[in-house]
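Everything numeric in this text was worked out from a predicted model, so none of it was measured.
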Amino acid sequence: MADTPDIRPIGDLPNEMGKTAVRELHYTGISSLAEVAKHTRKELLAIHGVGPKAIRILEPALEEKGLSFQGE
C-alpha cells in the first residue's frame, strides 16, 4: 500500500486533521476554514477521507474564526 502524501499545511485548515482529510478537502477545492463554512457537515462527510473526527476538529477551529458549518 502506498503512503498517503502529506501536503499539510493547507491554508488555515487545522494540522490536527488527518493528512487524508486535508488532502481530499484540498482536492475538492476547500483550502480554508472560510471555504469549509460554505458546506454542511453532511456535504463534508460525503468527501472520501473526511470523517466524524475531521468534523470534530473543524468545529472549534471554525468557531475561533466566528464561522460555522453551512446552515448552522
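- For Ala61, the side chain to side chain contact (heavy atoms under 4.5 Å, CB included) partners at least two apart in sequence or on another chain are Pro14, Leu33.
- Put simply, the side chain of Phe69 reaches to within 4.5 Å of the side chain of Glu59, judged on heavy atoms.
- Between Glu16 and Ile57, the closest heavy-atom pair is O-CD1, 3.5 Å.
- Nearest approach of Ala21 to Val50, heavy atoms of both residues: O-CG2, 4.1 Å.
- Annotation: side chain of Val36 is not in contact with side chain of Leu67 (no heavy-atom distance under 4.5 Å).
- Taking NE2 of His48 as the start and CD of Glu24 as the end, the distance is 5.0 Å to the nearest 0.5 Å.
- Applying the side chain to side chain contact (heavy atoms under 4.5 Å, CB included) criterion to Pro52, with sequence neighbours excluded, gives Leu45, Arg56.
- Glu35 and Ser31 are linked by a side-chain donor-acceptor pair at a separation below 3.5 angstrom, with hydrogens and angles left out of the test.
- Screening Leu44, Thr20, Ile10 against Leu25 for a side-chain contact (heavy atoms from CB on, under 4.5 Å) leaves a single residue, Leu44.
- Applying the salt bridge (charged side-chain N to carboxylate O under 4.0 Å, His left out) test to pairs two or more places apart or on separate chains, those with a residue in residues 60-72 are Asp12-Lys65, Arg41-Glu72.
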